[in-house]
Each structure stands twice: as C-alpha cells, then as structure tokens.
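Remember, it's a predicted structure, so these values are computed and weren't measured experimentally.
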Amino acid sequence: MNQEKTVSEAISYRRSVRIYDANKPIQTAIVKKCLEQAALAPNSSNMQLWEFYHITSKDIIAKIAPFCFNQNAAKTAQQLVIFVTRKDLWKERSKANLKFIDKNFGANNPKEKQTSREKTARNYYGKIIPFAYADFLGILGFLKFIMVTIIGFFKPIYRQVRKSDMRIVAHKTCGLAAENFMISMAAEGYDTCPMEGSDTLRVKNLLGLPSGAEINMIVSCGIRDPKGVYGERFRIPFEEIYKEV
C-alpha cells in the first residue's frame, strides 16, 4: 500500500481528472473513510447542513452520467459522491447541538449554575439560530434584513439573514466538506473531479431527495488515465491575487 501523502503533497497532486482508468478500481472503504474526513470540515455554526451520497452502483452511475451531460468525468467514473445541502434540517441539527451541550454540561443544569460559556451556547442554538434560519416565503427574511440594516447604522451586526443568504451559507460549508474529501482522496492516491454542470432536478429525483435539499456538486472518483488530466495546471499569478493589508 502506498504511504499516505502529506497535506502539501495531496494539494499538489490533486487535479480535476476527466478520464479514469477503467482497469483500476477503487476501494469503497477508502472513499467512505475520505467522506468521514469530509464530515470534519469547518462549517457555519457547526450545523452540518449536508449529506453525502456515495454512489457505488454502476447502474446508478450510468443513469447519472447523462444528467451530467455525459462529461467524461462522469461516464468513466468508478464511483460518485453527491454533496447535498440540507438547509431544511436546521431545526434537527440545532437540537442535535443542544443535546451535545446537555451531554457536556448536564441536561438539567439550573440557570444559576450555568457557566457563561454554557449560557452563550444554549442561547445561540435556542434563540439565535432560529432567528437566522426561520423564514416564511422569504417574508421573515426580508423583515429581518430591514431590522439588522437599521441596527447596523449604530453598531456592527451580522447582516446575512435573508433566505437567500442562509442558502449561500449552506452551500459554502458544503463546499468546504467537498474540498476536505478531494484532498483526502488525493492523499490516498485517488483522483476526483468536482462537477457543477448537471441537471440537479433529475439528480434529486433519482435520489429521492425532498424539495428542501439542493445539489451542491457531484464529485467523480477513480484513478487517473494518463489522458485524464487536460494539460498543465494554470493559475493566475499569485502576486495578482495576494493582498497583504
């Protein structure tokens, strides 16, 4: 077995691979291990509003490939991972965080005995999270936006409170998990390609996802064919994007 790459080696090794070697299968257990590492990614308020669909069935891959417009990265994939945002699960995930707080501090700890840290955590998941995520047809989000805009004239305040803002938050943190996954795969000597180009509605229907779920990206997996990396890596010169303040 090859020695696992360092973080720097894995980042350098990772490329978006478009064609995978059909004669080199990958181990489901290793891909699952990399998904476990994906779940350790930082995420907004530790809400973990994501799900990972690990597709190992060749039949399902064959059905999904046309939904990815028959990209080579999808057609030749040994396995697929579909990263899904679940903003609609915010109540359940908030309660899970509160249960974790109960486990660490005690479920029936009287308020007068709670530390400031415990009080802050309970207030955050019991009041602030519902304020941020609760919405009805975008109306509550708009009212919250007006409120925080007015308060913002007088002091710094978090302003991303609309329905569209919280959707962006869910996708940003799901993207962090996907990056964790791809770097972990590279460390194992496995290759990936993140695909945003897909018919997300058809993918959702195939997976039986509820309306509140959204496809963040589909990541194909395998071991690269020599023709699978389309040329040298191109990046804008670092000096053009790096700004020290």
Once rounded to the nearest 0.5 Å, what's the spacing between atom [atom1] of [X] and atom [atom2] of [Y]?
X: I101; Y: K119; atom1: CD1; atom2: NZ; answer: 14.0 Å
X: L49; Y: C174; atom1: CG; atom2: SG; answer: 9.5 Å
X: I55; Y: I64; atom1: CD1; atom2: CD1; answer: 4.5 Å
X: I223; Y: T76; atom1: CD1; atom2: OG1; answer: 12.0 Å
X: K24; Y: R224; atom1: NZ; atom2: CZ; answer: 10.5 Å
X: Q114; Y: T120; atom1: CD; atom2: OG1; answer: 10.0 Å

Membership question, hydrophobic clusters at under 4.5 Å side-chain separation (ILVMFWY): are [Y] and [X] in the same one?
X: M217; Y: Y190; value: yes
X: F131; Y: L98; value: yes
X: F153; Y: I157; value: no
X: V7; Y: Y13; value: no
X: L201; Y: L206; value: no

Closest heavy-atom contact between [X] and [Y]?
X: Q71; Y: C68; answer: CG-O, 3.0 Å
X: G231; Y: R15; answer: O-NH2, 3.0 Å
X: Q37; Y: S184; answer: OE1-OG, 2.7 Å
X: V219; Y: P194; answer: CG2-CA, 4.2 Å
X: G212; Y: D88; answer: O-OD1, 3.5 Å
X: T173; Y: W50; answer: O-CZ3, 3.3 Å

Just by modelled atom types, is the [Y] backbone N or O under 3.5 Å from a matching donor or acceptor in the [X] side chain?
X: S94; Y: Y125; value: yes
X: N180; Y: A177; value: no
X: K144; Y: A134; value: yes
X: Y20; Y: S220; value: yes
X: K204; Y: S211; value: yes
X: S12; Y: E9; value: no
X: S57; Y: D59; value: yes
X: Q160; Y: I168; value: no
X: E179; Y: L176; value: no
X: D225; Y: I19; value: no

If the threshold is 4.0 Å, N to carboxylate O, is there a salt bridge linking [X] and [Y]?
X: D191; Y: R18; value: no
X: D165; Y: R162; value: yes
X: K33; Y: E4; value: yes

_Geometric class of the F238/Y242 ring pair [parallel <30°, tilted 30-60°, perpendicular >60°]_ =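 Ring orientation of Y242 relative to F238: parallel.
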*asked:* Looking at R159, I want to see if its CZ is surrounded by more than 12 non-hydrogen atoms of other residues, nucleotides or ligands under 6.0 Å.
replied: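 It does: R159 CZ has more than 12 such atoms within range.
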*Within 6.0 angstrom of E232 CD, more than 12 heavy atoms from elsewhere*: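 At most 12 heavy atoms, drawn from other residues, nucleotides or ligands, come within 6.0 Å of this atom.
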*Where do K32 and E188 land on the salt bridge (Lys or Arg N to Asp or Glu O under 4.0 Å) test, with the steps shown first?*
CA-CA 12 Å; K32 185 177 179 180; E188 298 285 350; over 6 Å; no
*Side-chain H-bond candidate by donor/acceptor type, N216 with E214, under 3.5 Å*: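 There is no such pair (donor and acceptor under 3.5 Å, judged by atom type) between the side chains of N216 and E214.
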_Donor-acceptor pair between Y230 and N72 side chains, under 3.5 angstrom_ =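 Per modelled atom types, Y230 and N72 side chains form a pair under 3.5 Å.
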*Less than 6.0 Å separating the ring centroids of F83 and F181?*
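Distance test on ring centres: under 6.0 Å, yes.
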*Report the C-alpha distance between K95 and D102 in whole Å, list the side-chain angles of each, state the deciding distance to 0.1 Å, and finish with yes or no for salt bridge (Lys or Arg N to Asp or Glu O under 4.0 Å).*
CA-CA 10 Å; K95 288 177 183 177; D102 287 342; over 6 Å; no
*May I ask you to check if K91 and Y133 form a cation-pi contact, with NZ or CZ under 6.0 angstrom from the six-membered ring centre and within 45° of the axis?*
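Judged by the rule, K91 and Y133 form no cation-pi pair.
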